[in-house]
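In what follows, a single structure is set out as structure tokens and then discussed.
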Protein chains: 2
Amino acid sequence: MDERMLQKSGSAGSAVYQHLKQQIVSLDLPPGTTLSEKEMSLTFQVSRTPVRESFVRLAQEGLVLVLPQRGTRVSLIDSDMVEEARFMREQLEKAVIRLACESFPADRLADLESNLTEQQHSIQQRDGKRMFELDEDFHRILFEGCRKRGTWNTIQQMNAHLNRTRILWLWTDPHWEHLYEQHRQMFLAVKQQQADLAEQIMKEHMSLNIANLPVLKERYPEYFK
Amino acid sequence: MDERMLQKSGSAGSAVYQHLKQQIVSLDLPPGTTLSEKEMSLTFQVSRTPVRESFVRLAQEGLVLVLPQRGTRVSLIDSDMVEEARFMREQLEKAVIRLACESFPADRLADLESNLTEQQHSIQQRDGKRMFELDEDFHRILFEGCRKRGTWNTIQQMNAHLNRTRILWLWTDPHWEHLYEQHRQMFLAVKQQQADLAEQIMKEHMSLNIANLPVLKERYPEYFK
DNA sequence: CCTACCATACTACCATACAAGTATGGTAGT
DNA sequence: ACTACCATACTTGTATGGTAGTATGGTAGG
């Protein structure tokens, strides 16, 4: 484990955890991959203890599945969990954007606007990875502006399943322009305090994530439960 | 660690985890209590390793706070987290009970009814602890009947903070009759598929949890952040 | 050729020893 | 009396050896 990385994360266990989580959510470690404490301890150059600690945390979030005395593997994407995550996000994001339409800090509104500018940039440069991050940031800023940061963090738990399907979908059909347009309209609705409009767009925005799930299950059957 | 308990939970680590979690949420271990791996390993008669594993899991849920090289203590109740948990539950429970009004399995509806009967029983017997469990069960059945079990589980994370305040409140003012009446009305609304009515009662039901927070902070200041 | 068995090489789980950071109380020096 | 220092007894973090359960491949027996 690199020293800089350790300092950033505070402990070896946290560093391994963050590294693995990033790789799992980005599908760098595809669903079904077997992990094993020993193997990871060798690649990260730490003992099995911090690796085991990271496995415990990942299992708690449903990102890996630990089978006692048999092995540990990256959890398959659960279609039901994907739909539930979408459901949760729809309800909470609709409620939050209504709050945002009532009152939203000016500086956070500015953050949204600069985020949109960066989105345009990333689309022009065909930088899908950056665009995905900006998408996440856009919604996170909405939550934070409404003082609902903890809610956003809680959503992230189940979001792991949803996000992995979103990445799969974007592999097959990068439809960034459509997403950007929705983001822009939501920004304007918040700025002009049009709650009903904002909620409606958000509802459609969230519905996008689920429509193509059957297609993905057919194209990547080995990734799904 | 008792052998029966170990068999029930699968591993020593899980057993310690479940035990501590139950004690924390029930305020048997009050907020601020220092824990220490060594101490717990002695009381549970296991080594530090499974105890440490349980600490990691509890920290992941925000139930304990681990300060490296200094100690571990039961996390104080965070007022902001309590309000956010209430917010999350309100949005999700409103959406779920609307779904329930559209369609709800007959056997689960029967479960709700028998749950209500048990609630009456527990109120007569002044069994607050049992009543609290039944309250939780009532809402869990609603989620499960709508195939939103994962959503319920996710809520539980943040619910730890909310539930601890609810217990404090019920220590000072056991108002079980009022809660029972709301539960009964929600049951009838679901049965008669009156979505708007059900949502309205649920909204009031969720609002109860937050009103007396300032009073509790004044009465138990050492429990809050 | 097929089947039952067993040695072997994995796995996660647990106990233990050591390392490193921190709080605390006593003591020497001013 | 007060302050600076340090030994000591804590704490969590990490490394490692051993245990028990499981999958697998080869082998002996039918």
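The chains referred to below are lettered A, B, ... by the order of the sequence lines, with proteins before strands, and numbering in each begins at 1.
Counting non-hydrogen atoms under 4.0 angstrom, A:Ser36 reaches the backbone sugars and phosphates but no base.
Atom-to-atom, CD of A:Glu37 to C1' of D:dT14 comes out at 14 Å; the value is rounded to the nearest Å. Between the P atom of C:dC14 and the OH atom of B:Tyr17 lies a distance of 16 Å, rounded to the nearest Å. For B:Leu65 and D:dT11, the CG to P distance is 16 Å, given to the nearest whole Å. In this structure, A:Phe44 places its CZ atom 17 Å from C1' of D:dA15, rounding to the nearest Å. Whole-Å rounding puts the A:Leu42 CG to D:dT14 C1' distance at 16 Å. B:Met40 has its CE atom 19 Å from the C1' atom of C:dA15, to the nearest Å. Computed from coordinates, the A:Arg52 CZ to D:dG13 C1' distance equals 16 Å when rounded to whole Å. Nucleotide C:dC13 holds its P atom 14 Å from the CD atom of A:Glu53, rounded to whole Å.
Between the side chain of A:Asn115 and the backbone N or O of A:Leu134 there is at least one donor-acceptor pair closer than 3.5 Å. Remark: side-chain polar atoms of B:Gln91 are not paired, donor with acceptor, to backbone N or O of A:Ala95 under 3.5 angstrom.
The side chain of A:Val66 sits closest to C:dA12 out of C:dA12, D:dT14, C:dC14. With D:dT16, C:dC14, D:dT12 as the choices, the nucleotide that has an atom nearest any side-chain atom of B:Thr72 turns out to be D:dT12. The side chain of B:Arg70 has C:dA23 as its nearest neighbour among C:dA15, C:dC13, C:dA23.
Results of the side chain to side chain contact (heavy atoms under 4.5 Å, CB included) test with B:Ser122 over B:Glu133, B:Lys129, B:Arg130 single out B:Arg130 as the only residue that passes.
With hydrogens and angles left out, the side chain of A:Gln69 and the base of C:dT11 share no donor-acceptor pair within 3.5 Å. In the interface, the side chain of A:Arg48 is paired with the base of D:dG18 through a donor and an acceptor atom under 3.5 Å apart.
In terms of position along DNA chain D, the nucleotide closest to A:Gly13 lies nearer the 5' end than the nucleotide closest to the other residue of the pair A:Gly13 and A:Pro68. Of the residues near DNA chain C, A:Leu67 and A:Thr49, the one whose nearest nucleotide (by heavy atom distance) lies more toward the 5' end is A:Leu67.
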What verdict does the side-chain hydrogen bond (donor to acceptor under 3.5 Å, both in side chains) test give for B:Gln156 and B:Glu61, after you've listed the backbone C-alpha separation in whole Å, the side-chain angles of each residue and the deciding distance to 0.1 Å?
CA-CA 9 Å; B:Gln156 293 314 302; B:Glu61 296 186 42; over 6 Å; no

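When Watson-Crick and G-U wobble pairs are counted only if both distances are under 3.5 Å, C:dT27 pairs with D:dA4. Base pairing analysis places D:dT14 opposite C:dA17; the two distances defining the Watson-Crick or G-U wobble pair are each below 3.5 Å.
Looking at B:Arg89 and B:His139, their side chains come closer than 4.5 Å, going by heavy atoms from C-beta outward.
At the phosphate of C:dA15, OP1 or OP2 sits under 4.0 Å from a side-chain N or O atom of B:Ser47.
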